[in-house]
Amino acid sequence: RSQIEDTVLLLMEQERTIRTLKSRVIRNVSTNDDNYKSPFPGASYHPDWSFASDGSVRRDFAVMLYQSIDGILSNLAMERHAKYRKYPSMIPLKTLDKCGYVTTFPQNIYLVSEIPHQSDILQKIKKTGDVESNLRQSQYALSPAVCFHCYEELAGQTLEHPVILTALGTCYRHEATWRLGNQRLNEFSMREVVLIGTPDFVESERNWWVDCIWKLFGDLGLTGRIETANDPFYFSDDAAKAQHQQMANMKYELVVEVDGGTQTFSIASFNNIREALCKPFRITDAADKPLHSGCIAFGIDRWVFSLLKKYGEDPGKWQPHIAEMMRFS
Ligand code: ATP
Ligand code: ZN
Ligand code: MG
């Protein structure tokens, strides 16, 4: 074969890989968004809570929506017999490492440093105010997700029945500067529903959540799609993992369209990670085989932002049935 033929074959192969890697939309709907006009053209506010710091009604209303959307999600979790949890914001580095996070996403981690209780060091700081050269790394990081805590809680256990845990937590990610914006924050609220059980249980429970949240999304009048996704790996040698996640349908994302589709971002992800974490944490069935697990993760700030963008910041002007769903009519 000529060199040109080889090059063409190589390019065709690459194109095929890229095509399979591109997200496949598994659900798609346009409800009533065609004629939708933003109530605040040009306004660029941020789901960071400082966005509502002007003391007007907006701040109260945003907090109310935050509680309301989380209330709806946690009630759904209760229907599924989830156990409620509250986890710390700090997580041992050892736990993150066991989850593979330290070697896969080191750039995302906010580490917690501390100042030793030592009089010479404290005196130095007192004299100079220089904190940076007198600190040391603690054994903790700020938690980048909620679900990692659940694996630590269940580590070493044999489970005879499936377990569902749910918690709302603050998550911290040192996102790349170019990724900030598009509703990507360094500190945000996530509700997770964590599923642990047999392969069938995890997959069918995840599908229940896909259906249920898709319906909620439509009922709230939001527009978008659910598509296959992968985690945003940094290292090029992790590309195979990304491809595997896509091909094996391990991660779905619910992507919302705001401002008539000019802005899109994921407001929830539905993950089935199989044995990946039950194995290192030794969470097993009666035959000592690692169980499967998954999580449904909701970015609460992004839900609030999407609803405010869609319906505006004056609760009196919201459509009554939406207000009723959000329980403020
Ligand atoms: P994205 O798709 O936006 O890159 P991700 O794939 O890293 O996020 P997950 O790890 O699946 O997201 O997190 C679950 C949910 O948490 C996301 O669907 C999103 O709603 C929310 N989320 C994730 N990262 C952020 C962030 N930096 N700021 C605000 N919300 C976030
Ligand atoms: Zn998770
Ligand atoms: Mg994503």
Side-chain angles (χ1 to χ4, degrees), residues 23 45-51 66 69-70 73 77 82 85 87 91 95-96 99-101 104-105 107-110 142-154 164-196 202 205-206 209-210 213-214 217 222 224-234 238 241-242 245-246 250-258 263-274 276-278 281 292-307:
S23 300
Y45 59 56
H46 211 245
D48 178 351
W49 295 102
S50 61
F51 81 86
Y66 173 98
I69 196 72
D70 186 59
L73 298 171
R85 292 292 184 266
Y87 295 111
I91 189 160
T95 305
L96 274 192
C99 294
Y101 202 87
T104 318
F105 300 105
Q107 76 283 4
N108 275 4
I109 306 175
Y110 274 114
L142 295 177
S143 200
V146 175
C147 58
F148 300 143
H149 292 283
C150 302
Y151 294 95
E152 199 61 88
E153 174 182 341
L154 297 173
I164 304 182
L165 299 173
T166 188
L168 171 67
T170 308
C171 296
Y172 305 82
R173 293 182 189 178
H174 178 226
E175 301 275 12
T177 320
W178 64 268
R179 295 187 81 217
L180 288 170
N182 202 22
Q183 313 324 316
R184 194 169 268 112
L185 307 168
N186 287 324
E187 172 178 345
F188 56 98
S189 290
M190 203 194 283
R191 172 158 295 273
E192 285 210 54
V193 180
V194 180
L195 319 168
I196 299 178
V202 173
E205 188 65 25
R206 175 173 73 147
W209 282 94
V210 171
I213 298 304
W214 184 240
F217 184 77
L222 296 172
R225 58 187 184 270
I226 295 180
E227 62 186 27
T228 56
N230 54 263
D231 287 320
F233 295 103
Y234 178 84
D238 283 334
K241 281 189 204 162
Q245 282 185 334
Q246 286 270 359
M250 292 175 75
K251 186 178 181 92
Y252 297 133
E253 278 181 349
L254 171 55
V255 175
V256 69
E257 294 168 356
V258 298
Q263 255 201 87
T264 60
F265 46 83
S266 74
I267 57 173
S269 68
F270 307 82
N271 309 279
N272 181 346
I273 59 166
R274 315 208 172 154
L277 290 186
C278 283
F281 285 89
H292 276 211
S293 72
C295 62
I296 324 296
F298 301 95
I300 303 293
D301 311 71
R302 291 182 179 182
W303 282 80
V304 172
F305 179 79
S306 309
L307 287 165

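Start at 1 and go down the list; that is how both ligands and their atoms are numbered.
Of the N and O atoms on the side chains of Tyr87 and Ser143, not one donor lies less than 3.5 Å from an acceptor on the other residue. Of the N and O atoms on the side chains of Thr228 and Gln246, at least one donor lies less than 3.5 Å from an acceptor on the other residue. Between the side chains of Thr166 and Arg85, no donor-acceptor pair is found at a separation under 3.5 Å.
For the side chain to side chain contact (heavy atoms under 4.5 Å, CB included) with Met190, the qualifying choice from Cys147, Ser269, Cys171 is Cys171, the only one to do so.
For Ser269, a nitrogen or oxygen atom sits less than 3.5 Å from a nitrogen or oxygen atom of ligand 1, counting backbone and side chain alike. Checked against a 3.5 angstrom limit, the closest N/O atoms of Asp231 and ligand 1 fall outside it. Backbone and side-chain nitrogen or oxygen atoms of Asn230 are examined, and none is located within less than 3.5 angstrom of a nitrogen or oxygen of ligand 1.
Of the listed options Ser306, Ala297, Pro232, Ala297 places a heavy atom closest to atom 14 (C) of ligand 1. Here atom 24 (N) of ligand 1 lies nearest to Phe188 when heavy atoms of Phe188, Phe270, Trp303 are compared.
Angle subtended at the Zn ion (ligand 2) by Cys147 SG and Cys295 SG: 120°, rounded to 10 degrees.
Under 4.0 angstrom from ligand 1, the non-hydrogen atoms of Ala268 all belong to its backbone.
As for Glu192, its N/O/S atom nearest the Zn ion (ligand 2) is the one called OE1.
The contact set between ligand 1 and Gln183, taken as ligand atoms under 4.0 Å from a residue heavy atom, comprises 28 (N), 29 (C). In the vicinity of Glu253, heavy-atom distances shorter than 4.0 Å reach the ligand 1 atoms 2 (O), 6 (O). Atoms of ligand 1 lying under 4.0 Å from any heavy atom of Leu185, numbered from 1 in the order shown and given with element: 26 (C), 27 (N), 28 (N), 29 (C). Near Glu175, with a cut-off below 4.0 Å to any heavy atom, the atoms of ligand 1 are 24 (N), 26 (C), 27 (N). Close approach to Met190 involves these atoms of ligand 1, each under 4.0 Å from a residue heavy atom: 13 (O), 14 (C), 16 (O). Near Lys251, meaning under 4.0 Å from any of its heavy atoms, are these atoms of ligand 1: 6 (O), 9 (P), 11 (O). Below 4.0 Å from some heavy atom of Ser266 lie the following atoms of ligand 1, by number and element: 1 (P), 2 (O), 3 (O), 17 (C), 18 (O), 19 (C), 20 (O).
Asn186 approaches Glu175 most closely through the heavy-atom pair OD1-N, 3.3 Å.
Using cut-offs of 30° and 60° on the angle between ring planes, the pair Phe270 and Phe298 is perpendicular. Between Phe105 and Tyr101, the ring-plane angle classifies as tilted under the 30° and 60° cut-offs.
Ile296 is listed as a side-chain neighbour of Leu195, based on a closest heavy-atom distance under 4.5 Å. Counting only heavy atoms from C-beta outward, the side chains of Arg302 and Phe188 never approach each other to under 4.5 Å.
Classification of Arg225 and Glu253 as a salt-bridged pair fails, no side-chain N sitting under 4.0 Å from a carboxylate O.
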